[in-house]
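Below is one structure, written out as structure tokens; comments come after it.
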Amino acid sequence: MLLQALGKIAQTLVVLFFVSVASFGLLKLAPGDPIQIMLGSEYSQESYDSLKTELGLDQPFLVQYADWAVRFVQGDWGTSYVARAEIFTYAFKEALPVTLTLASFSLAFAILIGVPLGVLSAVKKDTIFDAGSAVLALTGTAFPSFLLGILLIWFFAVKLQLFPVMGYVSPWENFWLGIYHMILPGLTLSTYFIAMITRLTRATLIEVMEQPYITAARARGEPSWRVVWVHGVRNIAMPLVTILGLQLGVLLQGTVLTETVFNLPGIGQMLTSAVLGREYLVVQAGVMMTAALFIGVNLLVDLSYPFLDPRLRARK
Amino acid sequence: MTKIDHKKALADRLSARFGRRAVLKGLGAGIVTAATGSVPSLARAQQSGHIKIASIKVIDTLDPHFTGFLSSIQIINNIHNGLLKIAYDGENVTFEPDLAETWDLEDDKTHVFKLRDGVKFHDGTPCDAEAVKFSLLRVKEGKPKSPHAWKLALLDRIEVVNPLTVRLIFSQPYAFLPVALNGSTGRAGTIVSPAAVQKYGTDYGRNPVGTGPFKFVSWKENDSIELEANPDYFEPGLPKLERATFVLMNEASTALAALMSGQIDGMTDCPMQLVNQIEAFPNATLYGEIEGNYTFVGMNCKRSPFDDINLRRAVAWALDRDTIVKQAYFGRAQLAYTPISPPMTDFFDPNIATSGRGQWYDLDKAKAFRAKAANQGEIEAVYMMAERGPVGTRIAQTVAPMLAKIGIKAKLELVEPATWVKRRNGSDFDFYDFEWVADLDPDETLYPEFKSDGAWNFGGWVNTDFDDLCAQAQVELDPAARRALYYKAEDLLMDEAGIAVMAHMPIYKVFSNKVKGFKYIPADLVNLHSVSLD
């Protein structure tokens, strides 16, 4: 078990290395350069050259990469070129918690709404309720989240004034205010996942409900809620967790638009403005964090199987 | 404060050819009496209220000597003061003393600034003649080099006469000085705390320390910039607010929603497509007039096909400016005949439309020039556009069918903004459209953009007569004579169609009706000095 985990971690490091080289290279290949952007329209060649040297951007690619990598692993993530922001603080301490909060909220919404909806659809298979939830799920997957976000803002925040339009309050500092600010963005980001989880839960549960152990449970005379929620739902946990781990990428992608619409200072907004401003070091930090997050979560998913399914536990 | 037009006063005095001492006495006396008292601590203001304003564009740095963006200046101006400041009475833009109590000329090359007594930076160090010298030298010859160094290129030396008097000696008469000190994005005349610059070095832009009505508190990326009142501010009774937050936003429609729901109190910029909605919303007030700017379609004069003067002229006369204003600028801009814009009251001709000067829409004339062009076949030209600027790609889309009428097929290429900048600066385009904004003086409007080796002359139009006229105008202190020189220069540019000029734009800000006392200045400023909240 421990050996397995160590192996996975070594794999992770190799993947992160390749990710870092690829994103560093791709960004340099993109046309445009940060100095031209930071100097705006009014500058001379002299100030351009002087800044380029100052920022180390006149060095060859490999030197720049090596310099970055050595510092990065030591926790020195550098400062952004233009705004001189301490990147470790900006990316890790400020942006990452916002995105993690948003992502956790969306996942929580997705599970809390999606699983019961899916279970009900499975139990009431081929009824009006099932058809209705299928329509909802299809709409949820098809509806672009930024449009939904804007609609939610106009209706709930501007017309009814029930929720704030935008902004982030850390739930660690002010729990209820933090949650209050996360409801609309969390809902916006989670629609796709609610729909997906509903459909997935429905399909797998229908399959599970045809298994012999369910028949056995029914034969033992267990009440039907127990058959569904204990014997049934427990057995859909594994496919659910697997899919959620794999779909994390989609979730992180979704944060870009959601964070922009709701003005949340998370990784999505950070990456967008950094790419547009050619802030190589900020993009690099964002990519590394997202990659690590993605790999980390999937590692956790792998490691969670033995807990979800006793048959996978190593026998002593 | 009494309004005095220093440029005019100086020009009048100088053109009267007074002797050196006479200028000093006469001019000095006039300005001294006009200046306000400088006893700040007597009338200490009671501050209250916390304003939240959405800032929708990018903030690059809060270092006044290094920023390239007006959105940054909007914030910087609340933290810092300059030697002079820009004032507006609803009709005329003038330059008033700010940190300077008086501003005299000993001769036409020597400017003497006497500073207010007792002004301190937010870090407690005094704002004296040494600090002024330090700031000006930082712009002129600091390392790394300030992008605004050119504005003080003619500054020969700085003498500290006494702790409150500083003398600037220029190598030639410099009519552009007040604009150079205050103009465009580079606040060359903004005074920063030398102690803070020494302490923070290149990170000064994240830890700005000025003398202004607000102190810098914090800057969280993509989130907010917080300022708090400076209770020791030198203008009596100001500021009125206790706190100000600039909420950094990417999405203007979210900012509008937040304004309507009362979550924020204003926007530093209101994109033209949202102006109708703001006007229909009763609880907010829109501020905005035609500012010192002009928009144009630029052509690459360095290569075929637009190295052909007749083809450029054809383009210049083929653009239907009325349609462009309606379609691309939501009907809110004003037709431009030449680059010099309405707020430059000494230079703009209010009757320009009937004066016969400049460019306008005349398809027959366009076709006549097209018939003289070397290439009579259909011409395909790359029109580079990006989702940038006030109206994005709308201009390119509106202009393309007009070009088709004179047999030019514009190939619209949509590129991402950073690529656009790179290609523009490398003159890698046939057509592009752009706007030069927040100009206060024709020198800014014309010279760096179109002089033969100008850093911003991306289209590469070359005319040495134009260069000479602008260079003469730079040292000419009489407004009428200067105006005549600039008109001649503009006429050359318009006739040879270095660009096809389109429009002068209004620049909008919006505040909720709770916000009182905002003084609009047509230089894209958001000065919160006198602002209060109900």
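Reckoned from all heavy atoms, side chains included, excluding hydrogens, waters and symmetry mates. In what follows, chains carry the letters A, B, and so on, assigned in the order in which the sequence lines appear, proteins first and then strands, with residues in each chain numbered from 1. On a predicted model such as this, the values are computed, not experimentally measured, just so you know.
Side chains of A/Asn263 and B/Thr254: a donor-acceptor N/O pair is absent below 3.5 angstrom, by distance only. Side-chain N/O atoms of B/Ser55 and B/Gln74 include no donor and acceptor closer than 3.5 Å. In the model, B/Thr445 has a side-chain atom that pairs as donor or acceptor with a side-chain atom of B/Asp439 under 3.5 Å.
Of the two parts of A/Ala85, the backbone and the side chain both hold a non-hydrogen atom closer than 4.5 Å to a non-hydrogen atom of chain B. For a residue to count as touching a neighbouring chain, one of its non-hydrogen atoms must lie under 4.5 Å from one of that chain's; by this rule A/Thr260 touches chain B with backbone and side chain alike. Of the atoms belonging to B/Leu248, it is backbone heavy atoms, and not side-chain ones, that fall under 4.5 Å from chain A. Residue B/Val415 does not touch chain A at all, counting heavy-atom pairs closer than 4.5 Å. Looking at A/Leu276, the atoms closer than 4.5 Å to chain B (heavy atoms on both sides) sit in the backbone and in the side chain alike. Within the 4.5 angstrom heavy-atom criterion, no atom of B/Trp420 approaches chain A. For chain A, the nearby part of B/Glu416 is the side chain; its heavy atoms alone come within less than 4.5 Å. Both the backbone and the side chain of B/Thr202 come within less than 4.5 Å of a heavy atom of chain A. With a 4.5 Å cut-off on non-hydrogen atoms, A/Gln161 touches chain B through its side chain but not through its backbone.
Listed by chain and number, the residues in a side chain to side chain donor-acceptor pair (under 3.5 Å) with B/Glu449 amount to none (sequence neighbours excluded).
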For a quick test of your reading: what N or O donor-acceptor pairs under 3.5 Å do the side chains of residues 86-95 of chain A make, sequence neighbours left out?
unit_1	atom_1	unit_2	atom_2	d
A/Tyr90	OH	B/Asn222	ND2	3.1

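No more than 12 heavy atoms of other residues, nucleotides or ligands shown are found within 6.0 angstrom of CZ on A/Phe155.
Highest contact tally toward chain A, considering only B/Met260, B/Lys220, B/Met249, is held by B/Met249 [criterion: heavy-atom pairs under 4.5 Å]. For the set A/Lys159, A/Met270, A/Met166, the entry with the most heavy-atom pairs within less than 4.5 Å of chain B is A/Met166. The candidate from B/Asp203, B/Ile59, B/Thr61 with the greatest count of non-hydrogen atom pairs under 4.5 Å with chain A is B/Asp203.
Salt-bridge check for B/Arg388 with B/Glu435: passed, with a basic side-chain N closer than 4.0 Å to an acidic carboxylate O.
In summary, the aromatic rings of B/Trp436 and B/Trp456 are positioned with their centroids under 6.0 Å apart.
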